[in-house]
Amino acid sequence: MDIKVINKCGILEDFDPQRIATAIRKSASRVFVDLTDDDCKKVSDYVYSTLTENVPVKTLHNIVECALDHCGFNSVAESYRSYRNYKTDIKEIWEAVINKEIELDSQPDHSNANCNSQLVSTKGILTYGEFLKESYMRFFLTPEERKAVNEGFIYPHDMKDRYRTYNCCLLNVGRIMKGGFTLENMPYTEPGSVAAAIAVASDIISVTAGNQYGGLTWPQVDEDLSYYCQKSYNFYIKEYSNIIGDAGCGVDPRKADDYAYKKVKREIQQGYQGIEHTFNSVSSCRGDFPFISFSFGNGTDRWSKLVSQTILETRMGGQGKPGGKTPVLFPKLIFTYRDEIHGKGGISEDLFDLAAKCSKDTMYPDFLSLDAGYVGNMYKKTGKIITMMGCRACLSPDYNEDGELLINRCNMGVISLNLPMFYQKAKLENKTFYEVFDYYFELARQINLRTIEYLKRKLKGASSPLAFMEGGFDDGYVGPNDSVAPILKHSTISFGYGGLSELQTLYNKDHNIETHYYEDCNFAKEVMTYFNDKVEEIKKSDNVLYAIYGTPGESWLPRACDQFVEMYGQIEGVTEKGFFSNSFHINVDEDVTPIEKINFENQFFPLSKGGSICHVKIPSISDEMLEGVKAIIRHAMKIGNYQSVNHAANRCTDCGHHWIGDDSMPYEQNYRCPVCGSMNTVGIRRMNGYLGYSKTILGVNKFNKGKIKEFKLRKNL
């Protein structure tokens with residue numbers, strides 16, 4: 001038959017099976033299906049067999065969809081079907097982008113506390129990000145998944161980035177520097193001093209952070225820099241000897257050592273100050289200040305201890321003019337604690353004392369136990385440390401062919417589950433909680449699987465050269481055009497959750513249980529145990545390193561609460577705060593002691609191995625509080641926590657006075673310096689696992705409305 005196709009302009013064209021093959025292959029690629037020539041011919045033949053006369057192109061599209069379904073390519077048919085609305089979708093996407101641009105011109109964006117949306121460059125990135133987010137929703141998610149996201153049952157974090165690149169990581173900065181590397185045709189030789197090493201490390205981190213999203217941790221900074229400290233020390237010993245020799249004097253080894261040691265310390269101090277300046281004032285190509293973390297404290301040699309000591313002293317000293325210095329936000333500091341060396345009488349007890357004082361004064365470092373818990377048990381088994389990647393994300397264990405634990409890896413994203421929504425839906429639809437949980441868990445699982453497959457196909461070595469080509473990740477030595485799939489197979493991908501406290505409250509209300517979450521969390525533990533069992537089951541069947549992540553939910557959890565109210569209305573004790581509690585935390589307004597909070601939340605750490613942290617609030621930052629802080633931290637370390645110590649930090653940049661603020665007070669009363677009366681003050685608050693500005697020197701608040709409400713209620717965080 002001489003079948004013609006009537007195109008959109010009414011012109012007759014020859015029926016061309018090759019055009020059908022091209023179109024369905026594009027649709028197949030979006031769902032990671034490889035159609036062979038025989039597959040395409042099978043579909044085209046079916047289409048042709050149904051035609052009896054000239055066919056309009058719209059009708060032909062419908063026939064192609066039917067042909068794909070008939071031939072068993074259902075996912076390709078759905079992809080083909082959804083892409084037919086491309087022009088309509090693009091129009092709506094651009095409307096959303098324009099609205100975002102208008103919004104940014106009239107008010108700041110508070111979705112990320114580390115993003116200065118007043119900058120012209122950042123506005124452009126946020127606008128582009130809106131386009132990517134809308135594109136992800138319309139072209140990456142299925143209609144069923146999109147509905148679940150829009151209604152608030154699941155939440156894929158960082159939608160603008162999650163199908164473009166990887167998420168958090170532990171980067172082997174030391175391995176990249178050792179022996180030198182190449183970046184953008186520029187050869188970097190191995191640094192010859194600790195000052196040069198810190199400067200080169202800053203370049204490495206800046207570039208790599210710009211090619212990912214989420215937190216980037218430089219693990220064991222102290223041990224990496226120890227090697228370069230020795231290089232500097234050797235140089236200064238030689239320099240001293242030359243100076244003394246030229247003067248005709250004999251060299252006193254003790255004086256030479258003192259001279260070189262002080263010089264090395266000065267290099268570390270100046271280098272680390274430069275790091276703080278860079279990462280707190282220069283935004284990344286993503287538009288935010290890169291979320292950088294440094295872990296340290298486990299090294300016991302002379303230089304490792306000096307690096308750790310100098311980092312802590314510099315953080316406590318702050319940045320700014322003399323007399324008015326203030327602590328900075330980045331890098332986040334993580335102190336790895338072992339009682340053997342940091343406990344009473346240990347070789348590094350002095351370092352722990354300094355870290356505890358630094359934490360009391362500046363809210364960093366956070367403390368990670370190497371004696372117990374998930375990370376501690378891995379350390380005792382392997383002698384290797386998997387520290388947190390930024391806020392709290394943690395890698396599932398993975399081993400190479402020789403049975404060695406792999407450290408330097410990444411996460412590929414998080415999808416969080418809105419647990420209170422699951423409960424209320426089950427209740428109103430006369431279903432069990434676990435029926436609803438299973439449905440949305442499976443949706444999240446399929447999105448995660450598709451994300452893994454997409455990134456493995458999309459990313460090449462040149463996508464993040466220092467991570468994939470120069471050894472930043474384990475096995476990270478591929479070519480620029482090589483697939484990074486062999487590297488990403490060691491990566492995790494996470495299921496997050498929020499509102500566990502509110503879930504228990506809903507359950508208690510329906511069962512006439514008149515106790516608080518922290519007094520009776522049996523249903524919450526039952527749910528988390530079920531959650532873990534599901535994840536362990538699919539780890540094996542999918543051959544994927546899944547992890548369960550206690551989601552911090554900076555902007556998600558206020559929205560999650562709003563979505564609950566939109567669908568189910570206000571419920572006393574659950575929604576009136578305007579936000580759901582992040583991960584497994586006790587409600588911030590519960591009046592519990594730090595030890596009570598630590599003990600309660602510790603029972604959920606084994607059920608959130610993909611990332612968890614415990615926060616406690618201290619009532620004072622006086623020197624008398626230091627022993628109490630050390631006791632709190634040591635208790636948390638003994639039972640295996642990742643622990644932070646917090647307060648509402650205010651500091652005057654005129655007189656340097658540092659005091660604990662009260663966010664329940666009126667704004668001016670809260671932030672006016674009680675010593676000199678200045679409003680040139682800065683407020684720093686714990687966001688979740690990291691810090692942010694509740695007030696900058698210009699008076700700008702970086703937090704969203706839900707987080708501000710939380711600050712006003714905080715008693716234990």
Side-chain angles (χ1 to χ4, degrees), residues 112-115 157-158 161-162 164-177 181 183 197-221 224-225 272 275-276 278-280 282-296 311 328-334 336 364-366 368 385-395 406-414 455 459 463-474 476 484 487-488 490-494 549 552 554 610-611 613 687-692:
N112 182 340
N114 297 313
C115 189
H157 294 262
D158 303 291
D161 294 312
R162 63 175 283 120
R164 299 170 63 232
T165 185
Y166 59 90
N167 191 8
C168 305
C169 78
L170 293 176
L171 188 71
N172 197 329
V173 177
R175 185 163 60 202
I176 295 171
M177 289 193 292
F181 60 95
L183 180 61
I198 295 173
V200 170
S202 180
D203 291 345
I204 290 170
I205 292 167
S206 294
V207 170
T208 308
N211 291 318
Q212 65 165 79
Y213 63 102
L216 184 155
T217 294
W218 179 3
Q220 285 72 68
V221 173
D224 277 350
L225 290 181
Y272 182 70
I275 288 270
E276 287 195 341
T278 297
F279 292 129
N280 290 277
V282 181
S283 57
S284 73
C285 59
R286 296 196 314 265
D288 58 356
F289 295 108
F291 188 2
I292 307 303
S293 300
F294 287 0
S295 72
F296 57 92
I311 286 174
V328 297
L329 306 183
F330 295 111
K332 171 186 165 100
L333 304 179
I334 302 171
T336 52
Y364 279 155
D366 295 341
L368 178 62
I385 306 171
I386 290 186
T387 53
M388 277 42 184
M389 300 177 292
C391 177
R392 68 185 70 184
C394 191
L395 293 162
L406 299 174
I407 300 296
N408 304 106
R409 298 178 280 134
C410 67
N411 183 278
M412 290 183 284
V414 183
L455 291 177
L459 294 180
S463 302
S464 185
L466 296 178
F468 296 136
M469 298 170 60
E470 296 286 353
F473 290 167
D474 293 324
V484 300
I487 301 171
L488 292 183
H490 302 302
S491 303
T492 57
I493 196 162
S494 302
Y549 177 67
E554 174 183 345
I613 189 171
M687 163 54 78
N688 294 301
Y690 63 94
L691 307 180

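All values derive from a computational prediction rather than experimental measurement.
Remark: M469 CE to I487 CD1 distance equals 10.0 Å, nearest 0.5 Å. Between the CD atom of Q220 and the CD1 atom of I334 there is a distance of 9.5 Å, given to the nearest 0.5 Å. Put simply, CD1 on I292 and OG on S206 are 7.0 Å apart, with the number rounded to the nearest 0.5 Å. D203 contributes atom CG, which lies 11.5 Å from atom CD1 of I176 (distance to the nearest 0.5 angstrom). For the atom pair OG1 of T336 and CD1 of I385, the computed distance is 4.5 Å after rounding to the nearest 0.5 Å. Note that SG of C168 and CG of L216 are 9.0 Å apart. Values are rounded to the nearest 0.5 Å.
A donor-acceptor contact shorter than 3.5 Å links the side chain of N280 to the backbone of L329. A donor-acceptor pair under 3.5 Å is absent between the side-chain atoms of S202 and the main chain of I198, judged by distance alone. No side-chain donor-acceptor contact under 3.5 Å links D158 to the backbone of D161. When atom types are taken as modelled, the side chain of N408 and the backbone of G472 share no donor-acceptor pair closer than 3.5 angstrom. Remark: the backbone N or O of L395 is not paired with any side-chain donor or acceptor of T492 at under 3.5 angstrom. A donor-acceptor pair under 3.5 Å links the side-chain atoms of Q212 to the main chain of G215, judged by distance alone. Between the D474 side chain and the I407 main chain, a donor and an acceptor come within less than 3.5 Å of each other. Checked by atom type and distance alone, the side chain of R392 never pairs as donor or acceptor with a backbone atom of I613 at under 3.5 Å. Looking only at distances, a side-chain donor or acceptor of R162 sits under 3.5 Å from a matching main-chain atom of V414. In this structure a side-chain-to-backbone donor-acceptor pair under 3.5 Å is missing from T387 to S295.
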Residue pair N411, S494: steps toward the side-chain contact (heavy atoms from CB on, under 4.5 Å) verdict: CA-CA 8 Å; N411 183 278; S494 302; 2.9 Å; yes
Derivation and outcome, side-chain contact (heavy atoms from CB on, under 4.5 Å), residues L333 and F296: CA-CA 8 Å; L333 304 179; F296 57 92; 3.9 Å; yes
D366 and K332: CA distance, side-chain angles, deciding distance, salt bridge (charged side-chain N to carboxylate O under 4.0 Å, His left out) verdict: CA-CA 8 Å; D366 295 341; K332 171 186 165 100; 2.4 Å; yes
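At least one side-chain heavy atom of F473 sits under 4.5 Å from a side-chain heavy atom of L171. Between F279 and I205 there is a side-chain heavy-atom pair separated by less than 4.5 Å. With contacts defined as side-chain heavy-atom distances shorter than 4.5 Å, the pair M388/T217 does not qualify. The closest side-chain heavy-atom distance from F330 to Y364 is not below 4.5 Å. Annotation: side chain of M389 is not in contact with side chain of C410 (no heavy-atom distance under 4.5 Å). At least one side-chain heavy atom of E554 sits less than 4.5 Å from a side-chain heavy atom of Y690. Counting only heavy atoms from C-beta outward, the side chains of R409 and L170 never approach each other to under 4.5 Å. Residues T165 and Y213 have side chains in contact (heavy-atom distance under 4.5 Å, counting atoms from C-beta outward).
The shortest heavy-atom contact between G413 and I493 is O-CG1, 3.5 Å. Heavy-atom minimum distance, Y166 versus A467: OH-CB, 3.8 Å. The nearest pair of heavy atoms linking V221 to I311 is CG1-CD1, 4.3 Å. Among all heavy-atom pairs drawn from R164 and L455, the shortest one is C-CD2, 4.0 Å. The two residues D224 and G174 make their nearest non-hydrogen contact at OD2-N, 3.3 Å. When all heavy atoms are compared, the tightest approach of S491 to M412 is CB-CE, 3.9 Å.
Checked against ring pair (Phe, Tyr, Trp, His ring centres under 6.0 Å), H490 has no partners two or more places apart in sequence or in another chain. For F294, the ring pair (Phe, Tyr, Trp, His ring centres under 6.0 Å) partners are W218, not counting sequence neighbours.
Checking N211 against S463 by side-chain atom types alone, no donor-acceptor pair falls below 3.5 Å.
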